[in-house]
Asker: 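Sharing a structure here in structure tokens format.
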Amino acid sequence: MSDPRILTVRPEPHEYAWTFGGAPPVARIAPGTVLDLYTEDCFAGRVRSEKDLVSQVCEFPFLNPQTGPFHVEGAEPGDTIAVHFVSIEPARDWAASTTVPLFGALTSTHTTATLQPPLPETVWIWQLDRARRTARFTARESDIQVDLPMDPMHGTVGVAPANLEVRSALVPDAHGGNMDTPEMRAGVTCYLGVNVEGALLSLGDGHARQGEGETCGVAVECAMNTLVIVELLKDIATPWPRIESDTHIISTGSARPLEDAFRISQLDLVQWLVRDYGFSELDAYQFATQAVESPLANVCDTNYTCVAKLRKEWLPARETHRGLHARLAETAATLRR
């Protein structure tokens, strides 16, 4: 097998995309291309100290810059794009997190309106030790410091939406987007349904780590150096973003209210079991009910995101997505040598 083509992209500040759909492609790539990407953090690198308040250094709606989009040759509606994350590495030795007024799960928001005042803007700068693989929390109002393990991930990966829509990079939906699930880490393959010719794939919003739910609305946000392999599955539809790891199959659902996001992810998992693993619909419903893990991804974005995951070791020995994850993992291993 010939070595895969590697395309390196380091965007200039004016070259990021801020939406899914509506942005011209930065490059055309063939299936099998390896993308060596730099992604900026959700603040476009402007929050660098505890004095840099988002309301002062960032301009809404220009948040969550995306590297891309990439036109995948041969991709058509009804196909699926597969994005295998080879590596996700912080590009700096620091990351930022904040509270943002009228944003987050434990405060008033624009849509959950109350008389109480918004939370104050506060910035935490996290120190990253890339050798030790730790992220240091330093309290603002005490002398507490805690080193947490780094678990780098991408909060945002997606394609152009269907029906001529243009969606903010802050929004998760059926096209992917700002799902904010910690499952999107190195070693997984993300499957995204194609809605327009070329798919128009973008990604960004790197997190050095994030708890499930992203409660305050902001993770440990950092720039990333990321290596992905992009493949194309012809004539396989993927209605909602799916993730496959070496150990799990994972469905996602994004909506409001939260129970609808939960329902979407659970239904997609049931339908995945029917399509690829030989279950009837009711058998899949019963089996998933007793075996599923259901971590939250985010409960703060424009849409909430839930995850439904099943252990592969409990599933019949069947092939899913034409066995692509295993093949991409083998290719990834050669790139890491």
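Quick note: residue numbers are just sequence positions, from 1.
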Asker: What's the separation between atom CG in Asn298 and atom CD in Gln210, rounded to the nearest 0.5 Å?
Answerer: 7.5 Å
Asker: Provide the closest heavy-atom pair for Cys300 versus Phe103 in the form atom of the first, atom of the second, distance.
Answerer: O-CE1, 3.3 Å
Asker: Only counting residues at least two apart or in another chain, list the ones meeting side chain to side chain contact (heavy atoms under 4.5 Å, CB included) with Glu197.
Answerer: His71
Asker: Quick one: does Arg209's side chain have a donor or acceptor within less than 3.5 Å of a partner on Pro149's backbone?
Answerer: yes
Asker: Would you say Tyr285 has more than 12 foreign heavy atoms packed within less than 6.0 Å of its OH?
Answerer: no
Asker: Is the backbone of Pro118 close enough, under 3.5 Å, to the side chain of Thr107 for a donor and an acceptor to pair up by distance?
Answerer: no
Asker: Look only at the side chain of Ser97 and the backbone of Val218, and say whether a donor-acceptor pair between them is shorter than 3.5 Å.
Answerer: yes
Asker: State which residues pass salt bridge (charged side-chain N to carboxylate O under 4.0 Å, His left out) with Arg10; sequence neighbours excluded, sorted by chain then number.
Answerer: Asp36
Asker: Going by salt bridge (charged side-chain N to carboxylate O under 4.0 Å, His left out), name the residues that satisfy it together with Glu121, two or more places apart in sequence or in a different chain.
Answerer: none
Asker: Test your reading of the model: is there a side-chain donor-acceptor pair from Thr181 to the backbone of Met184, 3.5 Å cut-off?
Answerer: no
Asker: For Ala44, does its backbone N or O pair with a side-chain atom of Asp41 as donor and acceptor, under 3.5 Å?
Answerer: yes
Asker: Looking at every heavy atom in both Val123 and Ser49, which two are closest together, and how far apart are they?
Answerer: CG1-O, 3.5 Å
Asker: Count I, L, V, M, F, W, Y as connected when their side-chain heavy atoms are under 4.5 Å apart, and connections chain through other members. Are Leu269 and Phe287 then in the same cluster?
Answerer: yes
Asker: Does CD in Glu15 sit with more than 12 non-hydrogen atoms of other residues, nucleotides or ligands closer than 6.0 Å?
Answerer: yes
Asker: Can you tell me how the ring of His175 sits relative to the ring of Phe20, calling it parallel under 30°, perpendicular over 60° and tilted otherwise?
Answerer: tilted
Asker: Measuring from Asp283:CG to Leu273:CG, what's the distance to the nearest 0.5 Å?
Answerer: 10.5 Å
Asker: Counting only pairs under 3.5 Å, give me each side-chain donor-acceptor contact of residues 311-319, with atom names and distances, residues two or more places apart or in other chains.
Answerer:
| unit_1 | atom_1 | unit_2 | atom_2 | d |
| --- | --- | --- | --- | --- |
| Lys312 | NZ | Glu244 | OE2 | 2.8 |
| Lys312 | NZ | Ser245 | O | 2.7 |

Asker: Kindly give the heavy-atom pair with the smallest separation between Pro241 and Ala174, and that separation in Å.
Answerer: CD-O, 3.4 Å
Asker: Donor-acceptor pair, Gln56 side chain versus Val54 backbone, under 3.5 Å?
Answerer: no
Asker: Can you tell me if Gln66 uses its side chain to pair, donor with acceptor, with the backbone of Gly177 under 3.5 Å?
Answerer: no
Asker: Would you say the side-chain atoms of Ser254 and Asn303 include a donor-acceptor pair closer than 3.5 Å?
Answerer: no
Asker: Show me the side-chain donor-acceptor pairs of residues 227-237 shorter than 3.5 Å, one per line, residues at least two apart or across chains.
Answerer:
| unit_1 | atom_1 | unit_2 | atom_2 | d |
| --- | --- | --- | --- | --- |
| Lys234 | NZ | Gly74 | O | 2.9 |
| Lys234 | NZ | Glu76 | OE1 | 2.8 |
| Lys234 | NZ | Asp79 | OD2 | 2.7 |

Asker: Checking His321 now: which residues fulfil ring pair (Phe, Tyr, Trp, His ring centres under 6.0 Å) with it, not counting sequence neighbours?
Answerer: Tyr191, Trp272
Asker: According to salt bridge (Lys or Arg N to Asp or Glu O under 4.0 Å), does anything in residues 48-67 pair up with another residue at least two apart or in another chain? List the pairs.
Answerer: Glu50-Arg140
Asker: According to side chain to side chain contact (heavy atoms under 4.5 Å, CB included), who are the partners of Glu259, at least two apart in sequence or on a separate chain?
Answerer: Pro257, Arg263
Asker: Locate the shortest heavy-atom distance separating Ala82 from Leu328; write the atom from each residue and the value.
Answerer: CB-CD1, 4.4 Å
Asker: Strictly distance-based, threshold 3.5 Å: is any side-chain N or O of His207 a donor or acceptor partner for the main-chain N or O of Val220?
Answerer: no
Asker: Can you run down the salt bridge (Lys or Arg N to Asp or Glu O under 4.0 Å) pairs that involve residues 127-139, sequence neighbours left out, and say none if there aren't any?
Answerer: Glu89-Arg133, Asp129-Arg132, Arg132-Asp147, Arg136-Asp147
Asker: Between Leu35 and Val83, is there shared hydrophobic-cluster membership here, with clusters defined by ILVMFWY side-chain heavy atoms closer than 4.5 Å?
Answerer: yes
Asker: Mind checking what makes ring pair (Phe, Tyr, Trp, His ring centres under 6.0 Å) contact with Trp126, not counting sequence neighbours?
Answerer: Phe137
Asker: Quick one: side chain to side chain contact (heavy atoms under 4.5 Å, CB included) partners of Cys306, sequence neighbours excluded?
Answerer: Leu258, Ala261, Phe262, Ser265, Leu296
Asker: Under the rule for side chain to side chain contact (heavy atoms under 4.5 Å, CB included), what residues qualify as partners of Glu141, not counting sequence neighbours?
Answerer: none
Asker: Is a donor on one side and an acceptor on the other found under 3.5 Å between the side chain of Asn195 and the backbone of Ala160?
Answerer: yes
Asker: Given 3.5 Å as the limit, does a donor-acceptor pair link the side chain of Arg92 with the main chain of Cys222, or not?
Answerer: no
